[in-house]
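Whatever order the structure lists ligands and atoms in, that order sets their numbers, starting from 1. Nothing here was measured: the structure is a model prediction, and the numbers come from that model.
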Amino acid sequence: MSCDVVVLGSFVADVAFRTRRLPKWGETFMGETFALGPGGKGSNQAVAAARAGAKTCFISKLGEDAFGRLARDTYAAEGIDTEFVFQADCATGAAAIIIDEERGENAIIVVPGACYTITPEEVDRAERAIASAKVFVAQLELPISVVEHGLRLAKKHGVTTVLNPAPAASLPESIFALVDYLVPNETECSELTGMSVATDAEAEQAADVLLKRGASNIVVTLGERGALLRNVSGSCFTKAVSAGSVVETTGAGDAFCGGFAAALAEGRAPQDAMRFGCAVAGISVTRAGTAPSMPKRSEVDDLLARS
Ligand code: RIB
C-alpha cells in the first residue's frame with residue numbers, strides 16, 4: 001500500500017507518574033497517579049498523522065517483548081502500516097515521564113532500546129514506501145546517521161521532508177539541505193543556534209540562522225503563543241488553538257508535527273498546515289498521555305470550525 005505520510009522514528013513505552021514535585025536524589029515519596037502507554041516521538045507522530053486522516057507508514061524497530069507488543073497493538077488499532085517495523089534482538093526502550101500535577105509540564109528520561117538499533121540498510125528496505133509518500137517525517141531519537149539516511153532517500157525521490165530536531169541536539173551541517181521543514185520548539189531552536197529564543201523577534205533571528213545553514217523552511221513551535229514559519233519570503237505567525245484547560249503537555253510537539261505532516265500531505269499550504277497542527281496540539285494537551293491523547297480528524301475539524 002502507498003502511504004501519504006512515512007514516519008521514521010522511535011517507539012518507547014511511556015511510564016508516566018503525576019506528582020506535585022520532583023524527588024531529590026536519595027528520596028522516596030508517594031506520587032499521585034501512574035500510567036503505562038505507547039510513546040516515543042516517532043511513534044506519537046505516526047499516531048497523530050494517522051488519526052488526522054493520513055495513510056501512515058511507520059519505520060522503526062521493536063523488541064520481542066511486552067512493550068513491543070504494546071506498539072504493534074497500537075499500530076493495528078490505528079491502521080498504521082508496519083511492513084517496515086523490524087524485530088530487534090534486544091529489549092524495547094522506555095521513557096520515564098514525570099508530570100507536574102498542577103501545571104501539566106513534564107521532565108523525561110528516554111532510553112530508546114530496540115529502536116536505536118535500526119540501520120541504514122533497514123531504512124533502504126523501506127525505499128519503495130518512502131518514494132511513494134507525499135511527506136517524510138523524522139526526529140532525533142534514532143541514530144543521526146540513520147535519520148540523515150532516511151532524509152536523503154526521501155529527497156532523492158522528491159518527497160517533502162520534515163525534521164523535528166527533538167530531543168534537542170546539534171545537527172551535522174550536511175543534514176540541513178535535506179530538510180524542507182525544520183520544526184524545532186524554542187528550546188531546540190536555542191540549542192541548534194546557541195541563541196536565546198524567548199521572544200518572537202528572537203525566534204525570527206534564530207530561524208534566519210537555520211535558514212542560512214540550508215533548511216528551506218523553519219517552523220518554530222512557540223507553545224501557547226502558536227508557531228512561526230520563516231523562509232526566504234519572510235515570517236508568518238499562527239496563533240495557538242485552544243481546546244480547553246491544559247492537563248498534560250507531553251507529546252504536544254509530536255501532535256503538532258503529526259498534524260502538520262498530515263495536512264501538508266493533503267496539499268494544504270504551509271500556513272494552513274500549521275494551523276491544523278496547532279489544533280491537533282491544542283486538543284492533545286487537554287488529555288493525559290502522548291499517543292492516546294492524539295485527536296481524531298473530526299475533533300480537529302470541529303475545533304477549527306469553532307475557532
Ligand atoms: O515527545 C514526547 C515523547 O518523548 C514521549 O512519548 C517520550 O516517549 C519521549 O520520547
- Task: Answer yes if the side chains of S293 and E248 hold a donor-acceptor pair under 3.5 Å, and no otherwise.
- Result: no

- Query: Okay, side chain of D14, backbone of A16: is any donor-acceptor separation there less than 3.5 Å?
  - Reply: no

- Query: Under 3.5 Å, is there a donor-acceptor pair linking the side chains of T221 and N185?
  - Reply: no

- Item | R128 NZ/CZ over F84 ring centroid, <6.0 Å and within 45° of normal | no

- Task: Would you please write out the protein residues whose heavy atoms approach any atom of ligand 1 to under 4.0 angstrom, listed by chain and number?
- Result: V12, D14, G39, G40, K41, N44, A95, V110, E141, G251, D254, T290

- Message: Looking only at the side chains, is there a donor atom on one of T160 and D180 sitting less than 3.5 Å from an acceptor on the other?
- Response: no

- Before accepting this row, confirm whether a basic side-chain N of the pair E121/R125 lies closer than 4.0 Å to the acidic partner's carboxylate O. no

